[in-house]
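Accompanying notes for the structure given below.
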Amino acid sequence: MPANIPASSARCVRQDLERNLAAVVAVPAAAIEPVLCALVAGGHVLLEGIPGIGKTLLARTLAQSIRGEFRRIQFTNDVMPSDVTGSAVWRADLGRFAFVRGPLFANVVLADEINRTSPRTLSCLLEAMESGRVSLEGRTLELGRPFLVLATRNPVEFHGTFPVPEAALDRFLVRVELDYPAAEFELALYGGRDCEARLAEIQPVVDCDQLLALRAAVDEVQVRPAVAEYVYRVVRATRHHADVQLGASPRAALAWLRAAKGRAAFDGRDYVLPDDLKVLAEPALAHRVFRRDGESASTLIADLLRTTEVPL
Amino acid sequence: MRDGLLPFLLLLTLLDLAFVQATGIVAGQGLLPLWLLTLGAPWLRRLQRWLWCRLTWNLGVLLVFALLVRHATTTGLLHMLEDGLVLAVLCQVHLVNNIGARQRPDLVFFNSLLIAFVTSFFAPDLGWSLLFVAHAFVLVAALQVNVLVRRGAALEAGVVRQVVRHAIAHAVAIGAITALLFVLLPRDFARPGWLGDALGREHGAEAGIADRIRIDDERPTRLGESVVMRLSPASGREADVPHHWRSILFAEFDGAEWSPTAFRTDSRFALDVDWVATGDGSWRRDLGPPVAVVHVQLPDAGDARLPHPLTASALRPPRGQGLSLSTEPSGALLVERLDREQARGLEYAVEIAAGSGRVSLTRAAQDRLTHLPAQNIPRVLHDLATQVRRELPPGASPTTIALASRDWLQQHRRYQLPGEPGFARNLGEFLIGSGAGHCEYFATALALLLRLQGVPCRLVGGYLAHEWDPASASMLVRSRHAHAWVEAIGDDGRWLVLDATPPADVMAPRGEATNWLSASWRQLETMWSDVVGFDGNRRAAWLQRVLDLPGDLAGTAAAHPFPVAATLALGVLLVYRRRRRQHEPAIADLERAVRAAGLSLRNGETPRELLLRAEAAGIATAPLAGLRQAARRHERLRYGPAATRPDRGTPRT
Amino acid sequence: MRIRPTELGLKGLMLLAALEIAFLATSYSNLFFLLIVFCGVLGGVGLLTGMRNVTAVRVLAVDVPAGPAGQPRAVRLSLDARRRTFDLVFALDDGTRDLLLPAIATAAGRQTLPALLPDLARGVRDVRALRITSRFPFGLFELGVRRPLAIEVVTYPPPSLATAATSRRSQTHGRHHDGTQPATVAGLRPFRTGDAVRDVHWKATARRGVPIVKEREAEAGDARTVVVDRRASADELERDLAAATAAVLSAAAAGPGVRLVSQGYTAHLPAGQPPPAAVLRWLAAATGLPADAAAPELSRRPDQEPARA
C-alpha cells in the first residue's frame with residue numbers, strides 16, 4: 001500500500017462512502033459492499049432489480065462522493081455505438097471535424113437496461129469497459145479515470161430485449177441484485193426529505209486521485225497459499241456440482257480474488273482473508289456459473305460456501 | 001488401449017528390445033528394424049487405418065515368423081530359445097503397433113515379463129540387472145495406468161503424474177521386499193530339479209572348468225566374479241604361489257573337442273608321478289622336499305576336483321577331516337564321495353616342490369600324447385610348424401621346440417574373448433591369424449603344433465592365479481580366472497608348463513578404476529555377482545550380519561558417542577521440522593483455543609466468523625481472549641502477508 | 001472385504017504357476033528364484049495397496065434425487081477420503097441388482113463427487129448398502145467393501161411418453177359446457193362479486209344464511225384432474241403413469257395445477273412448485289389392480305385447498 005494512503009484512512013474512506021450512500025439511497029449495506037469493492041478494484045458492476053429502487057441515485061451519489069463526473073445512458077434498441085462513445089462532427093465555424101465526446105466520458109456511467117440495446121452497441125460498451133479507452137476514427141481517447149460502469153438489466157420485461165451473452169456478463173466484476181428495501185429503510189425514505197435535496201447535501205469523501213492511489217494499493221494486496229486454495233476449492237466445487245452446466249472459469253476466480261482484494265484494501269489490509277472471499281462470492285461468481293435449469297446460481301454458491309471447508 | 005497407456009507400453013517394448021539386444025543372440029544390427037518400428041509406433045499406428053497398410057504389416061510379420069520357425073527347425077534345439085526370444089520381442093512390437101482402443105494389453109505385460117525371465121538365462125550380468133530394475137518400474141507404472149484407463153475416462157496429466165509417483169513408491173517397496181525374501185527364504189541351493197541339468201545352464205557359458213572343451217564354441221563368455229578358490233601361502237609371500245593350478249587334464253583331441261584322458265587306471269599309462277595315500281589322511285608323491293606350503297580354500301567344491309599345481313608334492317586335508325581321494329592316472333585328483341558339507345567348502349594344504357617329477361612314458365602313452373586326429377586339422381597347422389622349425393636348428397630338443405612354439409604363438413596371435421568383435425570363427429581362422437582367440441585356442445594350437453613335431457603334450461584346464469589380495473595375504477581365484485594351457489614332456493623327462501596365451505592379456509588386471517563411475521560400476525558388478533552366486537554360505541553370512549546388527553550398532557554408538565548422538569539429533573530435528581511443516585503451530589494453537597472455548601469449527605466457517613459466533617455465544621472471558629489471540633495469530637501467519645510487518649495487518653476484531 | 005482375482009489376475013496366477021513349475025523342473029537358479037519372488041511380491045503388494053485404497057474412503061452421504069425411468073441421472077456422493085484414492089467404483093446395492101455409479105475419486109479429504117446413475121426401470125428401490133470396488137493398483141484383484149446405507153431410489157415413469165397417452169387413457173376432467181362453463185361442480189364457496197346468479201346454490205344459501213355459490217372445476221385453481229385407473233393392463237398402466245407424470249411435472253414447471261386421482265390415492269399439486277417427493281414416489285411405486293377392483297373415486301375433493309395460479 002502506498003504511503004499516502006494509510007490503513008486507517010482507507011477504512012475511513014469506506015465508512016464515509018457507506019454513510020453517504022446510506023443517507024441517500026435505501027439500499028442495504030450488503031448490496032453496497034460489492035459496488036464499493038468494484039470501485040476500488042477497478043471493475044464494473046451489473047445491477048439487477050426492478051426499476052425504481054434507486055439505482056440511478058446510487059450511481060449519482062457514488063459519483064458525487066468521489067468528486068467524479070456522472071453520466072447516464074439509457075439504452076434502447078436504436079442507440080448506436082456513436083451515441084455512446086461520441087462522434088466526429090463537422091464544425092463549420094472551425095472548418096474541421098471536431099470530436100464530440102459521448103456519455104461514456106465520465107467517471108461513473110450508469111448504463112441503463114443494457115439488454116435493450118443491439119449486440120453491436122453492447123459490444124462497443126463492453127470494449128470500452130475492458131480497455132478504459134475508446135478508438136474512434138483512428139484516434140484513441142482515454143476515458144475517465146477512475147471509470148466505473150454501473151449497468152442495469154431489466155428483468156421484468158423481456159419484450160424487445162436482447163439476451164446478454166455469458167461473455168458479456170463476464171466483463172462485470174460483480175453483479176448485485178437489488179431487492180425492495182427493508183421496511184425500516186423504506187419508511188425512512190417516505191418520512192425523510194426529497195432525494196435530490198439529500199443528494200445535494202452529500203460531501204465528497206475522496207477525490208479521483210486518491211481513489212486511484214487506493215486502487216494502486218489493491219495491487220499490493222497479497223494472497224497466501226491457504227487462501228488461494230480456498231478459492232480453488234470453491235471454484236472446483238462449482239465445476240463438479242451436479243446442477244451446474246458451466247462452472248466458474250479461472251478468469252472468474254481471478255475476478256473474485258480481485259474483488260476480494262478490493263475489500264481487503266478498503267479494510268486497510270494488504271492480504272486477503274477467506275472472509276473477503278465469502279462476502280464477495282455470490283456477487284462475483286453467481287453470474288459466471290450457469291445452472292442446468294437456468295436459475296440463478298446464487299443459492300447454489302451460498303450452499304457451496306457453507307459446505308466447503310476453509311483452509312486453516 | 002487408451003492413449004494414456006501407449007507411452008508406457010512403448011517403454012516396456014523398448015526395454016524388451018534392450019533385454020534381447022543385451023543377450024547378443026542377434027548379431028550386429030539385426031534388431032535395428034524392430035527398434036525403429038517401436039520408436040515409430042505412435043506414427044505407424046495411424047497407418048493401420050488403411051487396409052493395405054494392415055495387410056502389408058501382417059504379411060511382413062507372418063514372413064518373419066515363418067523365417068524364425070524355419071531357422072529354429074533347421075538349427076536344432078540349441079537355438080530354440082533364442083528364436084523364441086526374437087519371436088517374443090517381435091510379438092511385442094507387433095502388439096504395440098496394432099493394439100486397438102478396445103483391446104486389453106494383458107499380453108504385452110506377460111510377454112514382457114517372460115522376456116525378462118528368459119533373457120536372465122542368457123546374460124545375467126549387471127546390465128541385465130539394471131535393465132530389470134528399470135523394467136520393474138515401468139511395468140508397475142504401466143499396470144497402474146492400465147487400471148485407470150480401463151475406466152474409459154481421459155487421464156489428466158496430473159493424475160498420470162500422481163500414478164507414476166505411486167508406482168515408483170510401489171516398485172521400491174516391491175524391490176525391497178523381494179530382496180528381503182531373497183535373503184531370508186530358506187531353500188536348497190543345490191537342488192537338481194526334475195529335469196536335472198539338461199535344461200539348466202546349457203546356454204549360459206560362464207568362464208569355468210568344463211569336462212570337455214569344444215574349441216568352436218563361440219558363444220559369449222560371462223566373466224564370473226565369484227571367488228572359487230583362495231590360496232594363502234604359509235609364508236605370506238605372493239611369489240610362493242604358483243600361477244597355474246590344474247583341475248582337469250585332456251589328452252584326447254578329435255579335431256573339435258578335447259576330452260579327458262581316457263586311460264584306465266593301468267600303470268602302463270601312468271603319465272605322472274603317482275600319488276600315495278599316507279596314514280594321516282594326506283596324499284603325497286615323491287617330488288623332493290617342499291619349498292612352499294599353500295593353504296587352499298574352496299568355497300564350492302562342486303565338481304570334486306582338487307586344483308593343485310604341477311609341482312604339488314603333498315596334499316593335506318585339515319586335521320580330523322578325512323578325504324578319500326582318488327587319482328586319475330593323468331594326475332588329476334578327485335575327491336571320492338564328496339558329502340554335502342564338504343561340497344560347500346573344502347580346505348586343504350598343498351606342499352609345493354621345486355620341480356615336477358621325472359616320468360618315464362610308456363610307448364603307448366607316448367603315442368597317445370602325440371596323437372593327432374585324422375581329420376579336422378587345418379592345413380595351415382603344417383605350414384606353421386614348418387615356419388617355427390625354420391627358425392630353429394635342425395636337431396632342436398623337444399624343450400626348445402616347445403618353448404619356441406609357445407613364444408611364437410604369444411607374439412603372433414591376438415587374444416580375445418568369444419563374443420567380442422574380431423573373434424575367430426574357427427581354429428583355422430585363429431591359426432591363419434585373421435581372427436583372435438582365447439586361451440583354449442592358444443592352448444589347442446600349441447598342443448597341435450607340438451604333437452605335429454612329435455613332442456608329447458596334453459591340454460590342462462584349471463585356474464590362473466594372479467589376483468593377489470594384500471589384505472588377506474592370499475591369492476584370490478575367481479571363476480573368470482579359469483584358464484587352459486599345455487603341459488609337455490621336456491628333455492629331461494619332466495613335465496613343463498607351457499602357457500601360449502600372452503600373459504599381458506590374460507593376467508592383466510581388469511583395468512584400474514580410473515574414476516568414481518567405473519569404481520562404482522565395479523562395486524555394482526561385485527554385488528550383482530553376489531546375487532547371481534548367492535548360496536547357503538552367503539545366506540548364512542547375511543543372516544548373521546542382520547542378527548549382529550543391533551550389537552554392531554550399539555558397539556558403534558559406544559565407540560563414537562558424539563557423532564552418533566549428533567546424527568540422531570539431526571534425524572529427530574528433521575522429523576520434527578517435517579511434522580511442523582505438515583501441521584503448522586498456528587493451526588494447532590487455533591484448534592486448541594477453539595476446543596478450550598468449547599466450540600468446534602463448522603464446515604465452511606472462517607476463523608473470524610467463528611470468533612463472532614463465540615462472542616455472540618457469550619462464553620467466558622478467558623477462553624474468548626485466548627481464542628481471539630489464537631485467531632489473530634493464525635490470521636497473521638496463515639493469511640497475512642508473507643513478510644509480516646508489525647505495523648500492518650492487524651485484524652479488526 | 002471381498003477379494004476376487006480379475007481376468008488379468010487369473011492369467012497372472014496361471015503364468016506364475018507355469019513359471020513355478022519351470023523353476024522346480026530345472027535346477028536351482030538364483031535369478032529364476034529372484035524373478036518368481038518378484039512376481040509373487042508384486043501380487044502381494046498389489047493386494048495390500050488395493051486394500052488400503054478401497055478402505056480409505058468414508059461415505060458421508062449419498063444424494064439420489066428422484067428421476068425418470070430410462071434416463072441416467074446425476075447423483076452426488078459425499079465422501080471423506082483419508083488419502084488420495086484411485087479407481088473407486090461406487091455401486092448402490094439394492095439386493096436385486098447393482099446400481100452402478102461409475103466415479104473415479106482422486107482427491108484426499110472431504111469432497112462431493114458428481115456421479116451418474118445409469119438408467120433404471122420405474123420403481124422404488126430400497127438401497128441398503130453402498131459397495132465400493134477398485135482394481136487399483138495393478139488390476140490383478142478386484143477388492144470390494146460394503147458400507148451400510150439406507151436410502152430409497154425413486155424412479156418415476158418417463159414423462160416423455162406423456163402427451164400421446166394423456167388424451168387416450170387419462171381422462172382430463174373438466175369437460176366444458178357449451179364452450180364456456182365447466183360442468184362438474186367441485187364444491188361450494190361463499191359468493192364473491194361477479195359470480196353468476198345461476199351459480200348460486202340456493203339451498204345452501206338458505207341453510208347458511210349467506211350467499212353460497214357452486215364452484216366449478218375450472219375455478220379450482222385451474223387444476224386439471226388426472227385419473228389413473230390402475231385396473232388397466234400393465235402396458236396401459238405404464239402409459240397412464242407416464243401421462244400422469246408429465247402432467248405433474250408440467251404443473252411444476254409452469255402449467256396449471258394438477259389433481260392426481262387413483263384408487264385409494266388423491267394428491268393435489270399446485271402450479272409452479274416442485275412436485276412433492278411423495279407424489280413422485282407414488283408414481284414410481286404404483287402397481288396394477290385386478291379388473292374387478294373399484295373405480296377411482298372421482299367425486300372426492302382433494303383434502304388440501306387448491307392454490308391459485
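Just so we're on the same page: letters track the sequence lines, and every chain starts at 1. Scope of the values below: all heavy atoms of this structure, side chains included, with no hydrogens, waters or symmetry mates. Model, not experiment: these values are computed from the prediction.
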Measure the shortest side-chain to side-chain distance between [X] and [Y] over non-hydrogen atoms and say whether it is less than 4.5 angstrom.
X	Y	value
B:L113	C:C39	yes
B:F534	C:L31	no
B:T178	C:L42	no
B:N146	C:R135	no
B:F189	C:N30	yes

For chain B, which of C:V41, C:V37, C:L35 has the most heavy-atom pairs under 4.5 Å? C:L35

Given the options C:L140, C:L8, C:T6, which has more heavy-atom pairs under 4.5 Å with chain B than any of the others? C:L8

Can a cation-pi geometry be assigned to B:R187 and C:Y28, taking NZ or CZ under 6.0 Å from the six-membered ring centre and within 45° of the ring axis?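 Negative - B:R187 is either too far from the ring of C:Y28 or too far off its axis.
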
What part of C:V45 gets within 4.5 angstrom of chain B, counting heavy atoms only: side chain, backbone, both, or neither?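 Contact with chain B involves the side chain of C:V45 alone.
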
Given that the side chain runs from C-beta out, which part of C:F136 has a heavy atom under 4.5 Å from chain B: side chain, backbone, both or neither? both

With a sphere of 6.0 Å drawn around CH2 of B:W542, does it hold more than 12 non-hydrogen atoms of other residues, nucleotides or ligands? no

Any side chain to side chain donor-acceptor pair (under 3.5 Å) involving residues 48-62 of chain C? Give me the pairs, sequence neighbours left out, ordered by first then second residue. C:N53-C:S134, C:R58-C:D80

Pairs flagged by side chain to side chain donor-acceptor pair (under 3.5 Å) wherever residues 162-177 of chain B is involved - sequence neighbours left out: B:Q144-B:H170

Taking the ring centre of each residue, are C:F38 and B:F132 less than 6.0 Å apart? yes

Counting heavy-atom pairs closer than 4.5 Å to chain C, which one of B:W128, B:F117, B:F182 comes out on top?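 Max contact count across the listed options: B:F117.
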
At a heavy-atom distance under 4.5 Å, which candidate from B:V140, B:L143, B:V531, B:V163 has the highest pair count against chain C?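 So the answer, after comparing B:V140, B:L143, B:V531, B:V163, is B:L143.
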
Please enumerate all residues that pass ring-ring contact (aromatic ring centres under 6.0 Å, His included) together with C:F141, with sequence neighbours excluded. none

Under 4.5 Å, heavy atom to heavy atom: which of residues 15-22 of chain C reach chain B? Give them by number, or say none.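 The residues closer than 4.5 Å to chain B, in numerical order, are C:L15, C:L19, C:I21.
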
For the student: nearest non-hydrogen atoms of B:L148 and C:F86, plus distance: CD1-CD2, 3.8 Å

Could you tell me which portion of B:A136 (side chain, backbone, both or neither) has an atom closer than 4.5 angstrom to a non-hydrogen atom of chain C?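 Both parts, heavy atoms under 4.5 Å.
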
